[in-house]
**Student:** 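This is the structure I want to talk about, given as structure tokens.
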Number of protein chains: 2
Amino acid sequence: MSRVVAERRDVIAMLAEIFREHGYDGASLSLITEKTGLGKGSLYHFFPRGKEEMAEAVLGDIAAWFRTHIFDALRNTENAEQALEVMFAAVDSYFRQGRRLCLMGVIAASGAHDRFARELNGYFSDWRADLAVTLERNGTPRAECAALAEEIIGGIQGALILARSLDDPGAFGRVLARLQTRCLPYREKRDTSG
Amino acid sequence: MSRVVAERRDVIAMLAEIFREHGYDGASLSLITEKTGLGKGSLYHFFPRGKEEMAEAVLGDIAAWFRTHIFDALRNTENAEQALEVMFAAVDSYFRQGRRLCLMGVIAASGAHDRFARELNGYFSDWRADLAVTLERNGTPRAECAALAEEIIGGIQGALILARSLDDPGAFGRVLARLQTRCLPYREKRDTSG
DNA sequence: AAAGCATTGTACCGATCGGTAAACAATTTA
DNA sequence: TAAATTGTTTACCGATCGGTACAATGCTTT
């Protein structure tokens with residue numbers, strides 16, 4: 001009875017939700033077998049190195065998704081303002097309007113963070129770099145772009161934590177909307193005279 | 001040989017660092033006995049209900065610290081601008097310039113979050129409420145205070161995650177400084193004409 | 001049909017999990 | 001000094017941990 005589940009990528013999608021919901025240490029193999037419906041044999045067939053490889057696969061999958069759906073859009077969308085709109089819309093959708101945590105953040109806040117330091121660093125620094133360039137294209141003064149990018153990316157993470165803690169997903173959307181207004185060209189937000 | 005460790009509160013301080021560093025699920029009893037130097041017997045003497053009671057005690061301790069050092073300062077400092085300065089300075093110091101995670105955030109991002117939902121909710125909503133009032137006292141338009149408070153509190157959480165993920169504690173200070181500028185009275189930051 | 005590979009279920013491994021029991025030592029109280 | 005109280009040590013419990021072994025099953029190719 002092979003092929004109960006279509007593909008490895010389907011398994012990865014399920015694993016992602018499990019890790020998101022229970023954290024790395026909280027996602028036991030018995031929980032994973034229960035939620036995926038796969039026995040240990042199947043899991044270790046797909047991921048011979050076990051749980052760590054499962055998490056690596058999930059993080060790689062997430063990183064790839066962000067690269068193709070967000071980072072590439074930031075770089076390749078001609079109109080920078082539109083690029084930012086795409087990003088904020090994609091983020092709101094990806095995180096299900098605040099009902100879904102970011103697995104990168106979950107891992108970063110867990111004891112397993114050093115085991116996945118490279119993945120975390122790559123995800124956040126890539127996002128920061130691409131966002132900073134887009135902000136500059138959109139009219140933000142060069143000197144401020146990197147810092148604003150940090151504020152936005154960190155703000156997204158924090159808003160997810162906040163929304164979950166307050167048990168109010170709406171908090172995510174409210175913060176996200178405010179962060180988006182920070183991207184408006186500087187000249188529209190502040191009088192330029194000293 | 002009783003009284004190896006001075007007080008229950010010393011144990012709580014050690015537990016706080018362990019939970020911060022390893023998360024709730026990652027903080028095993030063997031790790032706790034090793035790091036605290038206390039055997040299981042001693043630990044269960046202090047916390048008869050085990051790990052959950054340890055975490056409750058730590059969260060309660062943290063909540064009390066924030067109440068007395070931050071929330072009370074926000075409410076009781078006459079000068080609102082000064083109150084905000086105190087808050088940002090205390091936050092920067094408490095989180096060790098970005099080298100220390102927030103245990104509330106750590107728990108919120110873990111699978112144990114529902115077990116401590118009340119503590120998390122109280123911490124964030126109290127902070128939000130007191131900060132919002134202070135912001136209004138400082139000249140932020142009433143309609144914006146709650147949203148700005150959310151942005152700041154979430155931003156702090158996210159900045160901690162970001163700093164750890166980038167392995168760059170400085171990112172925390174940079175974001176914190178930006179958040180602080182958001183507290184400047186509205187009229188100084190934006191031209192009021194439509 | 002036969003062979004070969006991909007996939008799965010089951011039983012099992014040693015280690016560790018959170019937690020308990022109870023004897024015992026130190027300190028405080030009477 | 002004797003009795004409680006408080007704190008500690010040690011050994012142990014059943015359950016679960018992550019991981020392995022391997023036979024069996026399905027699918028694909030020939």
Side-chain angles (χ1 to χ4, degrees), chain A residues 1-59 103 106-107 110-116 119, chain B residues 1-59 61 103 106-107 110-116:
Chain A
M1 78 169 65
S2 66
R3 186 49 36 86
V4 164
V5 124
E7 294 286 346
R8 188 185 139 111
R9 46 171 297 114
D10 298 330
V11 182
I12 291 178
M14 289 189 282
L15 289 174
E17 294 311 312
I18 298 169
F19 282 126
R20 244 187 261 277
E21 193 61 26
H22 298 89
Y24 182 77
D25 290 304
S28 68
L29 285 208
S30 70
L31 183 69
I32 292 173
T33 60
E34 177 198 330
K35 297 276 182 186
T36 60
L38 272 66
K40 288 190 177 187
S42 307
L43 289 170
Y44 274 84
H45 171 72
F46 286 121
F47 310 99
R49 291 196 351 269
K51 209 167 98 163
E52 183 156 346
E53 186 171 357
M54 297 179 206
E56 286 170 6
V58 169
L59 291 179
L103 184 56
V106 167
I107 298 289
S110 82
H113 94 273
D114 41 338
R115 219 184 301 202
F116 303 102
E119 287 87 345
Chain B
M1 78 170 61
S2 65
R3 184 50 37 85
V4 163
V5 123
E7 293 287 347
R8 188 184 138 111
R9 44 171 298 114
D10 300 331
V11 182
I12 290 178
M14 289 189 282
L15 290 173
E17 295 311 312
I18 297 169
F19 283 126
R20 244 186 260 278
E21 192 62 26
H22 298 89
Y24 183 77
D25 290 304
S28 68
L29 285 208
S30 69
L31 184 70
I32 292 173
T33 60
E34 177 199 329
K35 297 277 183 186
T36 60
L38 272 65
K40 287 190 178 187
S42 306
L43 289 169
Y44 274 83
H45 171 72
F46 285 119
F47 310 99
R49 293 198 347 272
K51 210 167 98 166
E52 183 155 348
E53 186 171 357
M54 298 179 205
E56 285 171 7
V58 170
L59 291 179
D61 194 62
L103 185 55
V106 167
I107 298 289
S110 81
H113 96 274
D114 41 338
R115 218 183 304 200
F116 304 101

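Only heavy atoms go into these numbers, but all of them, side chains included; no hydrogens, no water, no symmetry mates. A quick note: this is a predicted structure, and the numbers were derived from the prediction, not measured. The sequence lines fix the lettering, A, B, ..., with proteins before strands; numbering per chain opens at 1.
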**Student:** I want to verify a distance call: between C:dT10, C:dT20, C:dA6, whose nearest atom is closest to the A:H45 side chain?
**Tutor:**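 Nucleotide nearest to A:H45's side chain: C:dA6.
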
**Student:** Starting from the C-alpha separation in whole Å, work towards a yes-or-no answer on side-chain contact (heavy atoms from CB on, under 4.5 Å) for B:I18 and B:V58.
**Tutor:** CA-CA 10 Å; B:I18 297 169; B:V58 170; over 6 Å; no

**Student:** When the ring planes of A:Y24 and A:F116 are compared, do they come out parallel, tilted or perpendicular, using 30° and 60° as the limits?
**Tutor:**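 Perpendicular.
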
**Student:** Applying a 4.0 Å non-hydrogen cut-off, can you work out what B:G50 is touching in the nucleic acid: base, sugar-phosphate, or nothing?
**Tutor:**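 Sugar-phosphate contact only - B:G50 comes under 4.0 Å of backbone atoms but never of a base.
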
**Student:** Check the phosphate of C:dC17 against B:S28, side-chain N and O only, distance under 4.0 Å to OP1 or OP2. Yes or no?
**Tutor:**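 Result: yes.
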
**Student:** When you get a sec, tell me which of D:dT8, C:dA6, D:dT20 is the closest nucleotide to the side chain of B:S42?
**Tutor:**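 My answer, after comparing the listed nucleotides, is D:dT8.
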
**Student:** Closer to the 5' end of DNA chain D via nearest nucleotide, is it A:P48 or A:L31?
**Tutor:**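 Nearer the 5' end of the strand: A:L31.
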
**Student:** Let me spell it out: for each of B:L29 and A:G39, pick the nucleotide of DNA chain C with the closest heavy atom. Which residue's pick is nearer the 5' end?
**Tutor:**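 Nearest nucleotide further toward 5': that of A:G39.
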
**Student:** Just N and O in the side chain of A:K51: are any of them under 4.0 Å from OP1 or OP2 of D:dG18?
**Tutor:**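 It does, given that an N or O in the side chain of A:K51 lies less than 4.0 Å from OP1 or OP2 of D:dG18.
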
**Student:** Do the side-chain N or O atoms of A:S30 get closer than 4.0 angstrom to the phosphate oxygens (OP1, OP2) of D:dG18?
**Tutor:**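 Indeed not, no polar side-chain atom of A:S30 lies that close.
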
**Student:** Counting side-chain heavy atoms from CB outward, which of C:dG9, D:dT8, D:dG19 is closest to A:Y44?
**Tutor:**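 Among the listed nucleotides, the one closest to the side chain of A:Y44 is D:dG19.
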
**Student:** So, A:E17 and A:K35, do they make that salt bridge, N to O below 4.0 Å?
**Tutor:**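 No.
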
